[in-house]
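Below you'll find the structure, written out as structure tokens, and then a few comments.
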Amino acid sequence: MDSLHAIGFYVSAALAGAGGILAAFLGGHWRRGLALALTGLGVAGIYASLSAGFAAVVVLICFVAVGALVAKPDYRSVEQAAGAAWRQLGAVGAALLFIGLAYAAFRGQFANATFYGGPFGAVSVGRLLFAHDGVATDAIGGLVLVALVGAALAWRRERPRDERETRR
Amino acid sequence: MTVTLVSVLFVSAALTALGAFIAAWKRELTAALCGLPVMFAGAGTAFVGVARFGAASGAPLLGQEAAVLLAIAALAAVALGVGLSGREIPR
């Protein structure tokens, strides 16, 4: 891997991390949507610098769609029932998870292989998706279908009278 | 300056832990959902990194395929979660 790809990788990793941190601490749903789109840009850059251009395009589209979903105008906030102590415990658990995974990554120089794929890989990934692992692709397609139908049914429910009158 | 499997796995670990932190820390349920795609992106980064640096046998781009499927699954999960959180409370 040449220096240009390495610089792209580290800059994209910093972008993804900054976007994630902004998504964690920014208030306002449209700001969080923008932060998620920024994270998607960083993750797509990571994938592109690792010669996974097709995956980068798909991830960028998915993150922009997630950001648009979070930033949509009829956003409703739903408070969690968990108290502050449980949330702090969860944050400590996330830190412990990072320590464990970072240690595993530090010990991860276990394999080294020559990469024969191209910089984009759409044909090879498409062949894998539709010929080699068709069942997994069908399963994900079914999951997406069920999720989108469920989301559409939830969105189509009738709104309360006061909200309808406000929107008029 | 170079990129190795260790650095890719380190970035993947950071993204996964950051997503877990967002999911645990946010008080709003819909905001906590934002952690899900970040966690999935961390897992996908590990898959892509292993496909790039460590896949000595099997299909070489299998990790990229897994990353694509993970991104789509994350989008579906967030769509369902946002739709359910916007659902009306019956009166």
Side-chain angles (χ1 to χ4, degrees), chain A residues 1 3 6 9 13 16-17 20 23-24 32 36 39 43 46-47 50-52 55 58-59 62-63 65-66 69-70 76-80 87 90-91 94 97-98 101-102 105-106 108-109 111 113 115-117 121 124-125 128-129 132-133 136 140 143-144 147-148 150-151 154-155 157 159-160, chain B residues 1-6 8-22 24-32 34 37-38 41 44-45 48-49 52-56 59-62 64-65 67-69 71-80 82-88 91:
Chain A
M1 181 176 278
S3 295
F9 173 81
R32 273 197 298 275
L36 276 177
T39 308
V43 173
I46 290 173
Y47 287 5
L50 292 175
S51 305
V58 172
V59 160
C62 287
F63 264 85
V66 166
L69 278 172
V70 171
R76 285 176 190 226
S77 63
V78 180
E79 294 290 320
Q80 280 194 52
R87 290 191 294 116
L97 175 70
F98 174 65
L101 289 177
F106 180 67
Q109 195 68 354
F115 182 65
Y116 292 109
S124 306
V125 174
L128 278 173
L129 280 171
H132 190 265
D133 296 322
I140 292 291
L143 174 73
V144 171
L148 293 184
W155 271 323
R157 281 183 68 94
R159 298 189 180 284
Chain B
M1 180 183 283
T2 184
V3 178
T4 61
L5 182 61
V6 173
V8 175
L9 290 179
F10 192 81
V11 169
S12 153
L15 282 175
T16 307
L18 190 56
F21 173 74
I22 294 172
W25 184 251
K26 298 302 279 188
R27 192 180 295 133
E28 273 184 54
L29 199 62
T30 323
C34 297
V38 180
T45 304
V48 170
R52 175 69 176 78
F53 294 109
L61 299 185
L62 203 61
Q64 295 186 20
E65 180 198 15
V68 167
L69 295 180
I72 296 171
L75 172 62
V78 172
L80 184 60
V82 170
L84 287 178
S85 69
R87 187 177 169 159
E88 238 8 278
R91 300 193 307 171

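For the pair L36(A)/V38(B), a side-chain contact is recorded, criterion being any heavy-atom separation below 4.5 Å from C-beta on.
No other option in A77(B), A74(B), A31(B) has as many heavy-atom pairs under 4.5 Å with chain A as A31(B). Options A55(A), A52(A), G90(A) differ in how many heavy-atom pairs under 4.5 Å they form with chain B, and the most are formed by A52(A). With chain B as partner, the option from L148(A), D133(A), T39(A), V70(A) having the largest number of non-hydrogen pairs under 4.5 angstrom is D133(A).
In terms of heavy atoms, A24(B) sits closest to A91(A) at CB-N, 4.0 Å. The shortest non-hydrogen separation linking L80(B) to A147(A) is CD1-O, 3.5 Å. Closest approach of R52(B) and S51(A) over heavy atoms only: NE-OG, 3.6 Å. Minimum interatomic distance between V43(A) and A41(B) (heavy atoms only, all atoms of both residues): CG2-CB, 3.9 Å. Considering every non-hydrogen atom in both G17(A) and L18(B), the closest pair reads O-CD2, 3.7 Å. Among all heavy-atom pairs drawn from A65(A) and L75(B), the shortest one is CB-CD1, 3.6 Å.
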Just do the side-chain contact (heavy atoms from CB on, under 4.5 Å) check on L9(B) and F106(A) with the steps written out, would you?
CA-CA 8 Å; L9(B) 290 179; F106(A) 180 67; over 6 Å; no

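Q64(B) places no side-chain N or O within 3.5 Å of a backbone atom of Y47(A) that could act as its donor or acceptor partner.
The CD atom of E28(B) lies 5.0 Å from the CZ atom of R32(A); values are rounded to the nearest 0.5 Å. Interatomic distance, OG1 of T30(B) versus CG of L69(A), reported as 11.0 Å (0.5 Å rounding).
Counting heavy-atom neighbours within 6.0 Å of F98(A) CZ, excluding the residue itself, gives a total above 12.
For the side chain to side chain contact (heavy atoms under 4.5 Å, CB included) test, residues two or more places apart in sequence or in another chain that qualify with I72(B) are V58(A), C62(A), I140(A), V144(A), V68(B). Taking L97(A) as the reference, L101(A), T16(B), A20(B) meet the side chain to side chain contact (heavy atoms under 4.5 Å, CB included) condition, with sequence neighbours excluded.
For L69(B), the parts lying under 4.5 angstrom from a heavy atom of chain A are both the backbone and the side chain.
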